[in-house]
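What follows is one structure encoded as structure tokens, with my remarks underneath.
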There are 2 protein chains.
Amino acid sequence: MAALAGVSVSAVSKVVNDRPGISPPTRQRVLDAAEKLRWSPSATAVALRGARTRAIGMVAGRSADVLAADPHFSVLISGIEAELAPADYGLLLHIVGEEPDAEERAYRRLAEERRVDGVILTESRIGDTRFELLRQLGLPAVLVGTPWQPDPIVSVRAGGDDLDQGAGLRAAVDHLVELGHRRIAYVSGPEDRVHTVARRRLFEAALDARGLRPTRIVISEFTADAAVRALRRLLAEPERRPTAVLFANDTMAVAGMSAARRLGFEVPRDLSVIGYDDLPVGSLVYPRLTTVSQDLVQLGRAAATAMFRLLGEAAGTAGEPGADGSGADGPGADGPPAVRPPTLVVRESTGPAAG
Amino acid sequence: MAALAGVSVSAVSKVVNDRPGISPPTRQRVLDAAEKLRWSPSATAVALRGARTRAIGMVAGRSADVLAADPHFSVLISGIEAELAPADYGLLLHIVGEEPDAEERAYRRLAEERRVDGVILTESRIGDTRFELLRQLGLPAVLVGTPWQPDPIVSVRAGGDDLDQGAGLRAAVDHLVELGHRRIAYVSGPEDRVHTVARRRLFEAALDARGLRPTRIVISEFTADAAVRALRRLLAEPERRPTAVLFANDTMAVAGMSAARRLGFEVPRDLSVIGYDDLPVGSLVYPRLTTVSQDLVQLGRAAATAMFRLLGEAAGTAGEPGADGSGADGPGADGPPAVRPPTLVVRESTGPAAG
DNA sequence: TTGAAAGCGCTAACAT
DNA sequence: ATGTTAGCGCTTTCAA
């Protein structure tokens, strides 16, 4: 456009980027022309020139249908987008299969092809190699969760500093103990994830603090079927039967409740059930699920904010270093991304211990 | 890279694009160099040059938390991604608020900034203005669903041609009638969506075919609360009380079942319930939800495939017109994207009519 | 078979 | 205050 509609190319550039050295009349003419032609700078050209793509990447190393069944991920994405959208950033999603190198390839492409300014990682794993990879690739990264070992990667998690991480689980155990429960079981997920292990440990610690030991810990998988199987085993032997069960997440807890009901146990009369995450499904079912709630949407927002901060610093070499305060310019660097610690939400799936 | 690691820039270009006019040795040298340097063409530069961004856009005109609560969308995305990923296409997501012009702005940006090669639309609406807008913008578009009025836009839906669209609902009604139900209610969603109206009509037609009339049709909203309220009204007057209820989607159906249970009605003993979509949540609950199943993942794949076809044609003006058959090149143009018609999946939430 | 060179739409020096 | 110009990393004629 530019030349055709008014003046010269650099004038246009200066106007759209709010650079000084433009007279009000010229400025206005450019704005008018842009308006009339419905023109706006080509993102590709800008990216080519300046290395800013205004897109953040996410790679999900799971199959499409597993992902579809797991709302956790989509809730997180909602949060991330909530922050990205106003800054006019896009989210570039890449769902790759379960094969380990598919994931690595995806990150490599993202980096080599310069498609995104940075990536957000989730599902922190034990022995995670992604941080190192991303560092090699020079791709700014933010982790949602806790690194498996001390690592300089930027990360966000509910409760911020680790001190508050266990608050929800402690409240859950206290709640059960006050209801008279003494035999409390925990159904964990696959322990190659950091958060899975952390939650289980936090649970054990909370129980320990009340002088109790877990009745059972069943390591299973993150699927509804696995939850059902775990519950079945838990309820099989009458003499060791728990009166309450905590699950590693809401989906498993809901599946567990159904299984209990199917086996003839009424919730919460015969068995109390507690989930983790506080997904919408928890209040859809009957009885409504008591759960440890963490603000996943907020967590997503925090991750995006942290990413903006990271990019702001990275771009600091040549960009606008000061506070021009004009807003509407994307990455702002204000307060630290704080996410409230997990809390217990008592609904209907917990009650006094049977007998 | 190129020059440094071997020969000349155009040689490299020819190699990576499988263009003729390269001797095997040269070719090999380029490949080796690229391998060693872990180099691959910059997506931005390619896009700038050739108008292909290898990204598809999607704009969701809903607030982040509404979206989070609705798995429908994420399942669809899984399907789309399943097709995009192997072709090395990315999905650029934009979640904008409910404000009407925010959505339009998002599409405009996508088009003006040339960030994507095309967009996939969902949630076909009555009086939808998006097709026209996209046409103006010159952005290739594929609709998941049926246009509200005859429109040249490319669209995909379960059952392909409209003839089979009602199969699931007919089966559902037949199933209920055979179980002895005569008073069958339908809880619809907001009728500004095409599919909402279509499903309700299909239901009425199916009922009509059996010589019955719907006991009640309650237009509500697509939320769990609304479903609960609707059900409450439905069960309020004993003399007109239905023995079976169909819901416009699974989430509402699950919420409805819980509400029934809370009101003292046992499902399916006192009330049969049928959902629509067949989302994972349906088999998580007790009793497991009988539902009209459509293959949402497949629908997503079909949309992506249709998009590739569209892009292939659009690019045909200057691109490779023939069948070079080398694969790995992205948009293939094979069979038509067929998605199986909706079918009834009978689980546990339906049973013989009470009394 | 290979290389040189002209842009794609922008931004940032450098003139004017 | 404004215009000119050299690339960013590629693809693609066109010459050699």
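A, B, ... follow the sequence lines: proteins, then strands. Residue 1 opens every chain.
- Following rounding to the nearest Å, Glu113(A) (CD) and dC10(D) (C1') show an atom-to-atom distance of 13 Å.
- Over its full length, the helix from dT1(C)-dA16(D) to dT16(C)-dA1(D) turns its helical axis through 50°, comparing axes from the five pairs at each end and rounding to 10°.
- When the nucleotides dC10(C), dT1(C), dC10(D) are ranked by their closest atom to the side chain of Ser23(B), dT1(C) comes out on top.
- Remark: P of dT2(C) and CD1 of Ile22(B) are 6 Å apart, rounded to the nearest angstrom.
- The phosphate of dT11(D) (OP1 or OP2) has no side-chain N or O of Arg19(B) nearer than 4.0 angstrom.
- Not counting sequence neighbours, the partners of Val154(A) by the side chain to side chain contact (heavy atoms under 4.5 Å, CB included) test are Val142(A), Ala306(A), Leu310(A).
- Here Thr129(A) pairs with nothing under the side chain to side chain donor-acceptor pair (under 3.5 Å) rule; sequence neighbours left out.
- The closest side-chain heavy-atom distance from Trp39(A) to Val16(A) is below 4.5 Å.
- Among residues two or more places apart in sequence or in another chain, the salt bridge (charged side-chain N to carboxylate O under 4.0 Å, His left out) test is passed with Arg125(B) by Glu103(B).
- Arg109(B) is linked by a salt bridge (charged side-chain N to carboxylate O under 4.0 Å, His left out) to Asp88(A), Glu113(B), counting only residues two or more places apart in sequence or in another chain.
- The side chain of Ser42(A) sits closest to dC10(C) out of dG9(D), dT2(C), dC10(C).
- Annotation: side chain to side chain donor-acceptor pair (under 3.5 Å) contacts of Glu123(B) (sequence neighbours excluded): Arg62(B), Arg193(B).
- Rounded to an integer number of Å, the gap from CH2 of Trp39(A) to P of dG9(C) is 11 Å.
- Under the salt bridge (Lys or Arg N to Asp or Glu O under 4.0 Å) criterion, no residue pair touches residues 33-48 of chain B, with sequence neighbours excluded.
- With sequence neighbours left out, the salt bridge (charged side-chain N to carboxylate O under 4.0 Å, His left out) criterion links Arg135(A) to Glu132(A), Asp151(A).
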N/O contacts under 3.5 Å, protein versus nucleotides 3-7 of chain C?
from   : atom 1 : to       : atom 2 : distance (Å)
dG3(C) : OP2    : Ser8(B)  : OG     : 3.3
dG3(C) : N7     : Ser10(B) : OG     : 3.0
dG3(C) : O6     : Lys14(B) : NZ     : 2.9
dA4(C) : N6     : Ser10(B) : OG     : 3.3
dG7(C) : N2     : Arg49(B) : NE     : 2.5

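- Between Pro25(B) and Asn17(A), the residue anchored closer to the 5' end of DNA chain C is Pro25(B), taking for each the nucleotide with the nearest heavy atom.
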